[in-house]
2 protein chains.
Amino acid sequence: MGNRGRTNDYDQIDARIMELVQENNRLTSDVIGERVGLSATACQRRLKRLRSDGIIEADVSIVSAKAVGRPIQMLVLVTLERERIDIIDKFKKEIKSSAEIATGFYITGDADFLLYITARSMEDYEQYTRRFFYDNPNIKSVKTMVVVDRVKAGFSIPIDLPEDD
Amino acid sequence: MGNRGRTNDYDQIDARIMELVQENNRLTSDVIGERVGLSATACQRRLKRLRSDGIIEADVSIVSAKAVGRPIQMLVLVTLERERIDIIDKFKKEIKSSAEIATGFYITGDADFLLYITARSMEDYEQYTRRFFYDNPNIKSVKTMVVVDRVKAGFSIPIDLPEDD
DNA sequence: ACTGAAAACAATTGCGA
DNA sequence: TCGCAATTGTTTTCAGT
């Protein structure tokens, strides 16, 4: 009763497991099981479910931008000329197909998009922005912030007790 | 000659492997080997080296913020009162120890830091900002941008031919 | 530095509770 | 949903090229 068709739910043990694999997803289920007080099998079943339910969205390796010759990292606030759905959607597609953009956010507030861009050098970056931003008539303004330092390693979010939401 | 003691280098096959595991690090070495034209064993040795050399920094699961009850995501530009090393370092530590902050960047430009914050609700977020920002005398200004949409899934960076850098 | 086979290890599946 | 045991699959090691 009261179930609204939602199957993707998780309990406190799942939460603990996610905290672990958010830091390191190469931990063996044995180790995970040890830490959460469950058998390896149970942990694996839980992980499998979390993945197929989309609670765990992806499993990825993080590559060091510096180590692969991209020491320049920029955060770029982009404002479009007009906030029209079709223009926004077009810009989203352009973001997706641009390798230089590691990630992008569609936002509300001072700007419309925030982009995280890596480049091999300042010249590269400038050349890229000319191509990508300047030649784009839908873009009103661009504000670049140079990343000096990434303060937190990963991208972990806190996972607290699930609620019936 | 000209070698400054750097051993961490990678070749084009490594680059191809990294492209793959940046998307999905649970691919078996067998599959990776197939795609790059190498035996599974060779791929695994390469991955091991890439990891121990720090070219691959980490291997993590990406958890859906929405699915774990944190539908509110914010990007926050923070400007400190004064750009003094000790104040900056102190703020970095505060970022590190705050679970709500998924990641943070120390930047130059319009602000000093950009933070990515998740929250269970708007009230939660407001309460958090009061505690974290308002009560902090070193903070001059805070500008919040609401994340409507994340445009790109992961955090992949392009990996092109390595150079002697 | 690669391949391929064997050994070691981890994940998955089936079953009884 | 769990744990255990058996199976399947993956990674690691080792010898050979």
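Protein chains get the first letters and strands the later ones, always in sequence-line order, with residue 1 at the start of each.
Considering only residues two or more places apart in sequence or on other chains, A:D14 meets the salt bridge (Lys or Arg N to Asp or Glu O under 4.0 Å) condition with A:R46, A:R49. With sequence neighbours excluded, the residues forming a ring-ring contact (aromatic ring centres under 6.0 Å, His included) with B:F155 are A:Y116, A:F155, listed by chain and number. Listed by chain and number, the residues in a salt bridge (Lys or Arg N to Asp or Glu O under 4.0 Å) with A:R26 amount to none (sequence neighbours excluded). Contacts of A:T129 classified as side-chain hydrogen bond (donor to acceptor under 3.5 Å, both in side chains), with partners at least two apart in sequence or in another chain: none. With sequence neighbours excluded, no residue forms a salt bridge (Lys or Arg N to Asp or Glu O under 4.0 Å) with B:E34. By the side-chain hydrogen bond (donor to acceptor under 3.5 Å, both in side chains) test, B:D110 is found to be paired with A:K143, residues two or more places apart in sequence or in another chain being considered. For the side-chain hydrogen bond (donor to acceptor under 3.5 Å, both in side chains) test, residues two or more places apart in sequence or in another chain that qualify with A:E123 are A:S121. Residues passing the salt bridge (Lys or Arg N to Asp or Glu O under 4.0 Å) test with B:D149, sequence neighbours excluded: A:K92.
Atom-to-atom, CD1 of B:I17 to P of C:dA1 comes out at 13 Å; the value is rounded to the nearest Å. Note: CG (B:D14) to C1' (C:dC2) measures 14 Å, nearest angstrom.
Taking the ring centroids of B:F113 and B:F105, they lie at or beyond the 6.0 Å cut-off.
Nucleotides of DNA chain D lying under 4.0 Å from heavy atoms of chain B occupy a range whose first and last members, 5' to 3', are D:dT10 to D:dT13.
Using a 4.0 Å cut-off on heavy atoms, the residues of residues 37-47 of chain B that approach DNA chain C are B:L38, B:S39, B:T41, B:A42, B:R45, B:R46, listed by number. The stretch residues 23-30 of chain A touches DNA chain C through A:T28, A:S29, each having a heavy atom under 4.0 angstrom from the strand.
Through side-chain heavy atoms spaced under 4.5 Å, either directly or across other Ile, Leu, Val, Met, Phe, Trp or Tyr residues, A:Y134 is tied to no other residue.
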